[in-house]
Colleague: 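There's a structure below that I have some questions on.
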Amino acid sequence: MSDTPADPGFVHRFEPGREPDRAPLLLLHGTGGDEHDLIPLAERLAPDAAILSPRGKVNEQGLTRFFRRSPNGVWDRDDFEARTLELAGFVRQACAAYRLPRPIALGYSNGANIAWNLLLKAPDLLAGAVLLRAMLPFDPRPLPDLRGVPVLLIAGTDDELIPVERAGLLAALLGEAGADVSYEALHAGHGLTAQDLALVGEWLATHR
Ligand code: MLT
């Protein structure tokens, strides 16, 4: 861990990398997680990368998230949009304070869902994104121009929370916006598998 910028806005962890010119990783945890959760994964898959890892600000009955949803699971669209912009502001400020180039987001579940909206609402913010168990529950058009932005999206065909067809819709939508999308649907549930890790490691090795 290292110094924090004057007004970070989000509780977060920052780990300096050993390759300052390569893209840092913006880690976005799942529901019930925190800023520490994905760090071992990132350190294993991209050991030299700088890491910026904020904690979501929403508390859902004790579970930390990046945006609100109703008790029956429906996303609060206004909150989703506002929290996306707030998170984008944090990323910009933290990257300036820590002197980081544009990060690649690595999000899991709820964190992957806010990551794709960062791509749509702040298209210059990220150098790419790894979206693990993300989904598209509504049509977010109009789309920005995401040409040249690499995205890896990995779904689980037996995911009990994320219907795999909604992950497929997200892959198609990001492709429609021009992103360079790699989409994989694994025989897996909501939890990550060794195959996820292998795919993410390979992808990061060629896209960072
Ligand atoms: C979400 O709300 O982002 C998704 O349903 C995944 C999750 O349960 O966190």
Side-chain angles (χ1 to χ4, degrees), residues 10-12 25-42 52-88 90-91 103-122 125-126 128-141 143 151-174 177 179 181 183-193 195-197 199-200:
F10 278 72
V11 174
H12 67 283
L25 295 180
L26 170 68
L27 303 184
L28 299 168
H29 62 79
T31 299
D34 66 18
E35 68 277 22
H36 307 297
D37 274 16
L38 295 174
I39 292 200
L41 178 76
L52 183 62
S53 185
R55 184 192 302 172
K57 289 187 175 185
V58 169
N59 183 326
E60 183 188 86
Q61 296 176 330
L63 300 179
T64 302
R65 289 172 51 83
F66 283 96
F67 56 89
R68 284 199 204 111
R69 63 182 166 181
S70 67
N72 60 1
V74 176
W75 296 7
D76 178 331
R77 285 284 300 276
D78 291 342
D79 193 66
F80 182 56
E81 301 303 339
R83 303 262 181 201
T84 300
L85 298 183
E86 184 187 32
L87 182 60
F90 162 74
V91 174
I104 290 178
L106 193 169
Y108 170 63
S109 190
N110 182 246
N113 287 331
I114 200 159
W116 65 249
N117 209 31
L118 285 176
L119 288 171
L120 298 190
K121 298 299 157 35
L125 186 74
L126 301 176
V130 176
L131 307 175
L132 304 171
R133 310 298 189 270
M135 69 173 174
L136 188 70
F138 54 82
D139 183 349
R141 289 182 182 84
L143 300 176
V151 177
L152 172 63
L153 179 57
I154 311 182
T157 54
D158 304 321
D159 192 328
E160 56 286 2
L161 291 177
I162 306 279
V164 67
E165 60 277 8
R166 298 219 166 252
L169 286 175
L170 177 59
L173 182 102
L174 293 171
V181 180
Y183 175 57
E184 304 280 348
L186 306 181
H187 291 294
H190 197 62
L192 299 180
T193 66
Q195 221 184 334
D196 284 279
L197 305 196
L199 288 168
V200 176

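Order of appearance sets the numbers: ligands from 1, and atoms from 1 within every ligand. All of these numbers come straight from a predicted model, not from anything done at the bench.
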Colleague: When you measure from the centre of the six-membered ring of Phe138, is the NZ or CZ of Arg77 under 6.0 Å away and within 45° of the axis?
Modeller: yes
Colleague: Hey, are Glu81 and Lys121 close enough for a salt bridge, meaning a charged N less than 4.0 Å from a carboxylate O?
Modeller: yes
Colleague: Residue by residue, ordered by chain and number, which ones reach under 4.0 Å of ligand 1 with a heavy atom?
Modeller: Thr31, Arg65, Phe67, Arg69, Trp75, Ser109, Asn110, Asn113, Met135
Colleague: Determine yes or no for a side-chain-to-main-chain donor-acceptor pair under 3.5 angstrom, with Arg141 supplying the side chain and Leu143 the backbone.
Modeller: no
Colleague: Any chance the side chains of Ser109 and Arg133 put a donor and an acceptor closer than 3.5 Å?
Modeller: no
Colleague: Assess Arg83 against Phe80: is NZ or CZ under 6.0 Å from the centre of the six-membered ring, and within 45 degrees of the ring's axis?
Modeller: no
Colleague: Verify, without hydrogens or angle tests, whether Asn110 (side chain) and Phe66 (backbone) share a donor-acceptor contact under 3.5 angstrom.
Modeller: yes
